Q: 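Have a look at the structure that comes next, please.
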Amino acid sequence: MTQKNSAIWHPFTQHALQDRMTKIVRGEGAYLYTVDNRRIIDAISSWWVVTHGHCHPHIVEAIQEQAGKLNQIIFAGYTHDPAEKVAELLLRLAPCGLDHVFFSDSGSTSVEVALKMALGYWHNIGKQRKRIVVMQHSYHGDTIGAMSVGARGLFNAAYGPLLFDVSSIPFPAGGREQATLDALESACRNESPAAFIVEPLILGAGGMLMYPAWMLKEMKRICEASDVLFIADEVMTGWGRTGTLFACEQANVTPDIGCYSKGLTGGALPLAVTLCRTDIFNAHYSKDRTRTFFHSSSYTANPVACAAAKANLDLWQDQGSHQRLAAVASMQEQQIEPFRADLRFANVRRTGTITALDLKTSDPGYLAGIGPKLQVFFKERNLLLRPLGNTIYVMPPYCVTAADLDEIYAAIGDAADALAREH
Ligand SMILES: *Cc1c(COP(=O)(O)O)cnc(C)c1O
């Protein structure tokens with residue numbers, strides 16, 4: 001079972017089943033171009049990171065300029081303009097009440113930082129609170145701590161012995177919201193947890209599961225009443241995906257700690273931030289060096305990545321970006337609407353610019369037999385779509401056109417036809 005291409009071990013890829021990787025040589029806007037000059041529509045923003053489009057000129061220019069000036073510097077004891085500007089703009093745009101910015105390199109590390117901030121807070125103020133409460137079907141990343149607070153199952157079965165114990169509350173499926181609130185209330189009251197971590201409005205990798213803003217508000221209220229820190233993982237939901245810059249805005253909620261990555265640089269370079277309230281920073285602020293926040297990575301606040309983030313933040317200060325968001329949300333609604341009455345699909349849904357629908361099948365789940373078949377079908381139509389099992393979702397960059405969306409949704413309908421014919 002050996003083959004040539006596997007010298008490079010690709011992520012979430014079973015090399016024994018997928019031997020050929022599609023080679024991409026160029027990206028522009030919503031399109032990717034292959035080495036054999038095919039144009040592919042990127043309907044999932046290259047794993048949810050690209051927001052304004054591939055190679056956005058303003059971001060590219062910022063990267064080029066910074067790369068020739070200062071491209072790396074230790075961030076302990078040193079600082080630089082790109083990081084300072086990013087922090088300043090972020091704090092202006094983020095929910096009011098978040099006052100400190102900690103940089104790292106990926107969504108997973110932003111979550112690790114959030115968990116360490118939460119435990120550090122309780123430790124430094126001398127209270128015994130250690131447990132984390134999580135939501136069923138959550139995904140927070142693939143490092144050990146992030147896996148620990150994510151759903152247990154297929155993705156982490158082998159690593160169980162390394163994962164720490166958490167308390168889980170049910171996902172608030174429509175009509176069963178009260179059970180979620182009751183479970184959270186009970187966990188907060190009986191277990192004195194350190195924090196509750198949740199993806200606001202949409203659980204991404206768990207299957208694009210959506211819940212309403214009022215639930216987010218209620219969950220925050222319950223945490224606040226028990227002094228449980230509320231961690232919002234906006235790694236995917238941030239940067240416009242849910243129709244507002246951050247999902248928490250829709251519930252008028254300020255988390256105690258917020259995690260942001262993916263679209264932070266517009267999808268151009270890896271960078272993440274964890275934002276927190278002043279009392280969490282203050283719990284670590286002391287002449288006593290044992291209270292230091294002991295976390296760093298070599299490339300913390302890399303200047304080139306920060307320059308890209310600064311350019312992205314510039315774009316979000318332009319009203320045009322917000323108008324694009326509204327336009328994409330409205331085009332997405334038009335496209336998804338006819339599928340609501342289509343009996344081949346279930347749970348047809350949309351939040352902001354993201355739509356999702358479940359293809360009815362006798363074998364659902366992430367390893368559903370139809371998953372790989374769908375991927376091949378879409379690839380042949382020159383579309384980058386990567387269903388989560390039988391859940392097909394569309395999360396385009398905001399420069400996507402109505403014609404692009406026509407192509408994407410026609411293919412989704414045709415895929416259902418093709419699979420029906422097969423059975
Ligand atoms: C993708 C994702 C992460 C992990 O981000 P990486 O950059 O892949 O480490 C964490 N949380 C959520 C909600 C995500 O969607």
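Just follow the structure's listing: the first ligand is 1, and inside any ligand the first atom is 1. Predicted model, so just to flag it, every value in this text is computed and none were measured.
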Q: Going by distance only, is there an N or O of Gly107 that falls short of 3.5 Å from an N or O of ligand 1?
A: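 Yes, there is a polar N/O contact under 3.5 Å.
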
Q: Do the side-chain N and O atoms of Thr79 and Glu84 include a donor-acceptor pair separated by under 3.5 angstrom?
A: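 Short answer, yes.
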
Q: Which of the numbered atoms in ligand 1 are under 4.0 angstrom from any heavy atom belonging to Asp233?
A: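 In order of number, 10 (C), 11 (N), 12 (C), 13 (C).
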
Q: Is Asn190 reaching over with its side chain to a backbone N or O of Ala187, donor-acceptor style, under 3.5 angstrom?
A: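 The answer is no, because no donor-acceptor pair under 3.5 Å joins these two groups.
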
Q: Could you see which bit of Tyr139 sits under 4.0 Å from ligand 1, with heavy atoms only: side chain, backbone, both or neither?
A: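 Near ligand 1, Tyr139 shows its backbone as well as its side chain.
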
Q: Should we say atom OH of Tyr299 is surrounded by more than 12 heavy atoms from elsewhere, each under 6.0 Å from it?
A: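 No, the 6.0 Å shell around OH holds no more than 12 heavy atoms from other groups.
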
Q: Are Phe12 and Phe155 an aromatic pair, judged by ring center distance below 6.0 Å?
A: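 Yes, the ring of Phe155 comes within the 6.0 Å limit of the ring of Phe12, centre to centre.
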
Q: N/O of Thr109 under 3.5 Å from N/O of ligand 1, yes or no?
A: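 No.
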
Q: At a 4.0 Å threshold, what atoms of ligand 1 neighbour a non-hydrogen atom of Lys262?
A: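 In order of numbering, the contacting atoms are 1 (C), 2 (C), 3 (C), 14 (C), 15 (O).
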
Q: Can you check salt bridge (charged side-chain N to carboxylate O under 4.0 Å, His left out) on Arg349 and Asp358, steps first, answer last?
A: CA-CA 9 Å; Arg349 54 201 186 272; Asp358 304 341; 3.2 Å; yes

Q: Would Glu234 count as a contact residue for ligand 1, given that I'm defining contact as a non-hydrogen atom of the residue lying under 4.0 Å from a ligand atom?
A: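 It does not; every heavy atom stays at 4.0 Å or beyond.
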
Q: Can a side-chain donor-acceptor contact be found between Gln250 and Thr244 if the only test is distance below 3.5 angstrom?
A: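 The criterion, which ignores hydrogens and geometry beyond distance, is satisfied for Gln250 and Thr244.
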
Q: Do me a favour and list the nearest non-hydrogen protein atom to atom 3 (C) of ligand 1 with residue, atom name and distance?
A: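 It is Val235 CG1, 3.6 Å.
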
Q: Closer than 4.0 Å to some heavy atom of Met236 - which atoms of ligand 1 meet that?
A: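 Near Met236, the atoms of ligand 1 are 15 (O).
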
Q: Would you mind running through ligand 1 and noting each atom that sits below 4.0 Å from a heavy atom of Ser108?
A: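 Heavy-atom distances to Ser108 below 4.0 Å select 4 (C), 5 (O), 6 (P), 9 (O).
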
Q: Would you call Glu185-Arg189 a salt bridge at under 4.0 Å N-O?
A: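 No, no charged N to carboxylate O under 4.0 Å.
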
Q: So if I count the atoms of ligand 1 from 1 in the order they appear, which ones are less than 4.0 Å from some heavy atom of Ser106?
A: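 Those of ligand 1 that fall under 4.0 Å from Ser106 are 7 (O), 9 (O).
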
Q: Check whether His80 reaches the backbone of Ala301 with its side chain - one donor and one acceptor, N or O, closer than 3.5 Å.
A: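 Flag set: sc His80 to bb Ala301 pair under 3.5 Å.
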
Q: Any N or O on Glu199 sitting closer than 3.5 Å to an N or O of ligand 1?
A: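 No, since none of the N or O atoms of Glu199 sits under 3.5 Å from an N or O of ligand 1.
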
Q: In this structure, is the centre-to-centre distance between the rings of Trp316 and His52 below 6.0 Å?
A: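 Distance test on ring centres: under 6.0 Å, yes.
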
Q: Say whether Trp48, considering both its backbone and side-chain N or O atoms, lies within less than 3.5 Å of an N or O atom on ligand 1.
A: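 Checking ligand 1 against Trp48, no N or O pair falls under 3.5 Å apart.
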
Q: With atoms numbered from 1 as shown, which atoms in ligand 1 lie under 4.0 angstrom from a non-hydrogen atom of Gly141?
A: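 In order of number, 4 (C), 10 (C).
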
